[in-house]
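For reference, the structure is listed below as structure tokens.
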Protein chains: 2
Amino acid sequence: MTTPDTPAIRILLADDHALVRRGVRLILDREPDLEVVAEAGDGAQAIDLARTHEVDLAVMDIAMPRMTGLQATRELVALKPEVRVLMLTMHDNEQYFFQALKAGASGYVLKSVADRDLVAACRAAMRDEPFLYPGAVTALIRNYLDRVRHGEEPPDQVLTAREEEVLKLVAEGHSSKEIARILFISIKTVHRHRANLLHKLGLRDRLELTRYAIRAGLIEA
Amino acid sequence: MTTPDTPAIRILLADDHALVRRGVRLILDREPDLEVVAEAGDGAQAIDLARTHEVDLAVMDIAMPRMTGLQATRELVALKPEVRVLMLTMHDNEQYFFQALKAGASGYVLKSVADRDLVAACRAAMRDEPFLYPGAVTALIRNYLDRVRHGEEPPDQVLTAREEEVLKLVAEGHSSKEIARILFISIKTVHRHRANLLHKLGLRDRLELTRYAIRAGLIEA
DNA sequence: CGGGAAATGGGTACTGGAGCCCATCGACGG
DNA sequence: CCGTCGATGGGCTCCAGTACCCATTTCCCG
């Protein structure tokens, strides 16, 4: 419990599924110290609402149309550094976890957690305590530390605009020839970008690029 | 509103994300005529619970671990034909939609709908009225449901067990060689199954098979 | 019993993905 | 001003994926 005179945490809720937003809102609004003050259906809308509302915490889905949660987090943190961001995701995925932290998120919570944990994560994020979502994190951190010790820096996953463009097209099933025609570049350049993507993301082939793009919310399945 | 003496609709809620379950439950339990009597975290558990609980309606996510919502729906309908199934999904996808109907679902609701619509869909499903998510194709759906109920379902693109097995492995990124080793068959047979899959589903390559498998809930992205 | 479907496997050929080498050009920062 | 990096493009090789041909075995159904 919190002290009665503590002002409620003002929350911006961003998720592309209205049903999920509604459910999460019901969960959060039951807490006296949490108050959902705005709801966004995509990343761009979340940024807009953050401009016009007084917000302490953004609870944001990682995969949203128009602008992914990761991208929105980057912009939001740049725009209003005092706003904390709690990433909400269905993916228990190491890559995502670090991407979220790199983007500036204060916490990372799976949709498979219980409602009490979500509430706890909100409060922890506001206290600048990293919320450790159940289970996996210990293994994640150990893994991460191991790789750092072995000099295997996790692959830098900052894609250039052009690479992201190519990634989308590849994942949508276009052949190199088609992509070359679409982007007005040669097939070889498509190959180069794709090779860079594979290397940067530590993936093996187009198929894994596709799954990555779907996970990242760049395209729909 | 419903008449006071109508017994509440007993609902089995199946979704792999505890947070979503909780939210949906809060939405449904606010209605006097709806009562969530059981929660399952995957398809197999949903079947188990359906055996041991009196259930009128199953609200089921289409993509779940262990057993997909589609598969669980098939088994549930076979096991207890009187139970209605409402598919809950984030995919606004025609393929999915018909797959769900084919599996025996009475309704199909996107997670992007408002909470009122979910409640309406539950009531509609119990009255054997198809709830239509974008509202467009009422007649088409009614027609289709009629045909299915009368057993006139044309075995459209039904995959064999072996084909589905191969599809999963392909979509998970395994090469032909790996699949051959896993299934103890020759590479040529893997090629043959995959070629059959491509023809049956009208797809072009492994990449599209992957996206199909993800849409169909056979694998996670 | 006969026919069809499913599962198995072989051959041959082409295409396209992917790894590896190379180079040029412009922008940006130290 | 020079080095790095992103974007561009070419050549080369290897091999996996895909198409199209063929066959056998098993099993179920009419």
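The chains referred to below are lettered A, B, ... by the order of the sequence lines, with proteins before strands, and numbering in each begins at 1.
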From B/Leu13 CG over to B/Leu28 CG, what is the distance, rounded to the nearest 0.5 angstrom?
-> 6.5 Å

Test item: A/Arg21 side-chain N/O and A/Asp15 main-chain N/O as donor-acceptor pair under 3.5 Å | yes

For atom CG of B/Leu207 and atom C1' of D/dA16, their distance in whole Å = 14 Å

Considering just the side-chain nitrogens and oxygens of A/Arg192, establish if one lies under 4.0 Å of OP1 or OP2 belonging to D/dG10.
-> no

Below 3.5 Å between N/O atoms, which protein atoms pair up with nucleotides 24-30 of chain C? Just atom names and distances, please.
none

Using a 4.0 Å heavy-atom cut-off across all strands, classify B/Leu198 as base, sugar-phosphate, or nothing.
-> sugar-phosphate

Separation of A/Glu165 atom CD from D/dG6 atom P, in whole Å?
-> 16 Å

Pairwise side-chain contact, B/His53 with B/Leu12, heavy-atom cut-off 4.5 Å (strictly under) | no

Just by distance, do the side chain of A/His199 and the backbone of A/Ala195 share a donor-acceptor pair under 3.5 Å?
-> no

Pick base, sugar-phosphate or nothing for A/Thr189, based on heavy-atom distances below 4.0 Å to the nucleic acid.
-> base

With a non-hydrogen cut-off below 4.0 angstrom, is B/Arg194 in contact with a base, only sugar-phosphate, or nothing?
-> base

Would you say C/dG9 has OP1 or OP2 under 4.0 Å from some side-chain N or O of B/His191?
-> no

Atom CZ of B/Arg204 and atom P of C/dC14: how far apart are they, to the nearest Å?
-> 22 Å

Nearest-Å distance for atom pair NE2/P, residues B/His193 and C/dA5 | 16 Å

Phosphate OP1/OP2 of D/dG9: any A/Ser186 side-chain N/O under 4.0 Å | yes

Check whether the side chain of A/Lys177 and the base of C/dG16 form a donor-acceptor pair under 3.5 Å.
-> no

In whole Å, what is the span from the CD1 atom of A/Ile179 to the C1' atom of D/dG9?
-> 16 Å

Measure the distance from CG on A/Leu197 to P on C/dG19 and round it to the nearest whole Å.
-> 11 Å

A/Ser176 side-chain N/O to C/dG16 phosphate OP1/OP2 under 4.0 Å = no

Give the rounded distance in Å between these two atoms: NZ of A/Lys188 and P of D/dT13.
-> 13 Å

Any sub-3.5 Å donor-acceptor pair from B/Arg194's side-chain atoms to B/Ser176's backbone N or O?
-> no

Is it true that a side-chain atom of A/Arg84 and a backbone atom of A/Arg127 form a donor plus acceptor pair closer than 3.5 Å?
-> no

Between the main-chain N or O of A/Ser175 and the side-chain N or O of A/Glu178, is there a donor-acceptor pair closer than 3.5 Å?
-> yes

N/O (side chain, B/Arg206) to phosphate O (OP1/OP2, D/dG17) under 4.0 Å | yes

Closest to the 5' end of DNA chain C, once B/Ile187 and B/Ala161 are matched to their nearest nucleotides, is B/Ala161

Donor-acceptor under 3.5 Å (B/Asp205 side chain, B/Glu208 main chain) = yes

Sugar-phosphate only, base, or nothing, as touched by B/Asn196 at under 4.0 Å among non-hydrogen atoms | nothing

Ignoring backbone atoms, establish whether A/Thr160 has a side-chain N or O less than 4.0 Å from OP1 or OP2 of D/dA7.
-> yes

Here the distance between atom P of C/dA7 and atom CZ of B/Phe184, to the nearest Å, is 18 Å

